[in-house]
Protein chains: 2
Amino acid sequence: MPTIRDVAARAQVSVATVSRVLNDSGYADSQTRARVLRAAADLNYQPNANWSRLKRQSSQTILFLLGNWPGIVMMHMRLLAACERILRGQGYDLVFARYDYARDSAPGDLTLPRMLAQSGAVDGVVLAGVHHENFLHLLDQRPLPYTMLGNSFSGPAAAQAHNCILYDDIGACAEAVAYLRRLGHRRIAFVGNVALPWFGRRYEGYRQAMQEAGLEPISVGDNWPMSGLDYGQLATAQLLRDGLAPTAILAGNDEIAAGLWRELSRRRYHLPHDMSLIGIGNRPEFGVLDPALTSISVFEDQLGERLASLLLERIRHPESAHASETYPCKLIERASCAPPSTPMPNALTIAARKKTP
Amino acid sequence: MPTIRDVAARAQVSVATVSRVLNDSGYADSQTRARVLRAAADLNYQPNANWSRLKRQSSQTILFLLGNWPGIVMMHMRLLAACERILRGQGYDLVFARYDYARDSAPGDLTLPRMLAQSGAVDGVVLAGVHHENFLHLLDQRPLPYTMLGNSFSGPAAAQAHNCILYDDIGACAEAVAYLRRLGHRRIAFVGNVALPWFGRRYEGYRQAMQEAGLEPISVGDNWPMSGLDYGQLATAQLLRDGLAPTAILAGNDEIAAGLWRELSRRRYHLPHDMSLIGIGNRPEFGVLDPALTSISVFEDQLGERLASLLLERIRHPESAHASETYPCKLIERASCAPPSTPMPNALTIAARKKTP
DNA sequence: CTGAAAGCGCTTACAG
DNA sequence: CTGAAAGCGCTTACAG
């Protein structure tokens, strides 16, 4: 790549003059100016990005760090895309990296991602996926601002007091329970592995709402070694076999809801009359479910945008501490919920349906 | 952030000595060495990333450029994740950026993404999404290696001779047609907007296979203003209303297949006997479809890995021109295809089913 | 074994 | 109006 020296040589001026012309700073004779511009164009000269990073002491780059997440989920992709949109508009680039680390390592034993092991590589970090206290501790020791999607942080709630963007899935689950109760349901189950932090939060919202209503929580499926569709399928079997007899199910996410939906359909349950079903996530890819799935939208696009814009605020005003912010979710009513049938369909009545062609 | 000067001052040595100790190059007295190490640790010193980028003339950064794609699809996320995995292993970082540009702008009128407008910001580019010739022309003028997922390139095939990774969706569509023919189908429809480059390629594979078999191509849905589920739904209506009477449908992607599946189910078609259905993409989120969707896997993870590794080869050996590489797809047989019923169910027989509860 | 100095590409006071 | 020089943070021959 040509450097400013090449341009200076070709235009037969000093590098200082080239710099002045190209940056429109200071005086320049119009002929000199023309020579410089032509030389720069001829050589297809582009200023070196790394110089300005070194000079400005700012890389104009943000790191999106997806922590401890083996697969890929749409939620993260949408957060990433939303961050990128905001940051690009503000002249920042976005680096995507994954980072897996043990939750129980001492902070000193953690091997930081390459971009964080150096200084000056990034101006700030957005934390998505699952993160643990040991890593946050390490981050806190550096003059590097970060923001975090708080819902899947595994540590104590106190660590979420600052820098976090949260969505109110706890409140949304309570709302879902209230909605199902208004429809007349009393036997409402929750399906999700509560050992995982985000399902744990959701279960908590559900449990509290049930308790306040004087209803008995029903839940299955801690620490099963699968997820998504298969998880939903196994949960269906368990809920029906164990005689728990729910008339409505709140699934920990849409994928589990889809698994429940598939298995219930196979067993000839007619939704929503034989069973009401609510998902969480409002994922468009599950629009294929019929009747359409009632689900809780968490508005990831806005969360991603806010993660980015809050980070930029912190970068620009490092002194001001930013309290965490919690955003509401919304129950999107579709067609998968209805009042419970009377009498409640049981295994026998359902089995009878299988006889008819 | 502390610099090497701060460390040198604290250890009471020159910056050269600090550099030698920290990089383990050259001799150093063990006491001096200890003083330097302690000073660096005390100050939590990290070398400045931008200096080494400037010095090495390499940013160790790759740009993943998602072109002209308004939404977010899993395919791109998987490609991105696969690239990141390979690149991280090789000491490179990955920047994610989107880039929308008009296909008919002159190359000179294009505003390049920030990272490409500067020199030295990235060492190479992976092109995903949709790209056009004008932009490639601009890229070709620079000493910046790139690789491209060729299937959604909108320009002439000749421009795909180098630097491209392709998946053989043309061959896969021909294979799908052959498979359906073996099952006994003759009226096989294709559903997808062939005006889009990737659907155009897939249609071409389908059309050729049909022609060679002496069968008449059946297709609907050019340039409808929607996509995915809704597209599949409208296509179903059109295929059935217009008396095209297919017994099998090859969908341009899994989402369209899901839309067809949903609408056919609503109309009381029993899959696979009333209609066989094949998708493209083999997306796990459509695992909820029952009977399970037969689909063509394009192995995005391998494509993403190869996009990254080929790019690294090009960076390391800039002189050698790399021919494009095409990778096979695979038809994953599940339960959505069967021999056509005899007699073929028509609108009347299907309508009769709706009468029975 | 250690320090002074040059240099990566560029900008910006400072002379002339 | 233009050039020589210092400096961003660091490494690496080159002296001593």
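On a predicted model such as this, the values are computed, not experimentally measured, just so you know. In the text below, chain A, chain B and the rest are named by the order of the sequence lines, each starting its count at 1.
dC1(C) and dC10(D) have their P atoms separated by 25 Å, given to the nearest Å.
Here S19(B) lies in heavy-atom contact (under 4.0 Å) with a base. Within 4.0 Å of V13(A), counting heavy atoms only, lie sugar-phosphate atoms of the nucleic acid but no base atom. Here N23(B) lies in heavy-atom contact (under 4.0 Å) with sugar-phosphate atoms only. Within the 4.0 angstrom heavy-atom criterion, base atoms lie near A16(B).
Of the candidate nucleotides dT12(D), dG3(D), dT11(D), dG3(D) has the atom lying nearest to any side-chain atom of T17(A). With distances taken from any side-chain atom of A28(A) to the nucleotides dG3(D), dT2(D), dC8(D), the minimum falls on dT2(D). When the nucleotides dG7(D), dT2(D), dC10(D) are ranked by their closest atom to the side chain of K55(A), dG7(D) comes out on top. With distances taken from any side-chain atom of R20(B) to the nucleotides dC10(D), dC8(D), dT2(C), the minimum falls on dT2(C). Each of dT2(C), dT11(D), dT11(C) was ranked by its minimum atom distance to the side chain of V15(A); first place goes to dT11(C).
In this structure, the side chains of H76(B) and W69(B) come closer than 4.5 Å at one or more pairs of heavy atoms.
In terms of phosphate contacts, T32(B) brings a side-chain nitrogen or oxygen within less than 4.0 Å of OP1 or OP2 of dT2(C). Listed pair Y45(B) / dC10(D) meets the phosphate criterion, a side-chain N or O lying under 4.0 Å from OP1 or OP2.
Secondary structure note: stems in DNA chain C built from 3 or more consecutive Watson-Crick or G-U wobble pairs under 3.5 Å occupy C:1-3 with D:14-16, C:5-12 with D:5-12, C:14-16 with D:1-3.
Contact check on D24(A) versus R33(A) returns a salt bridge, with a Lys/Arg side-chain nitrogen under 4.0 Å from an Asp/Glu carboxylate oxygen.
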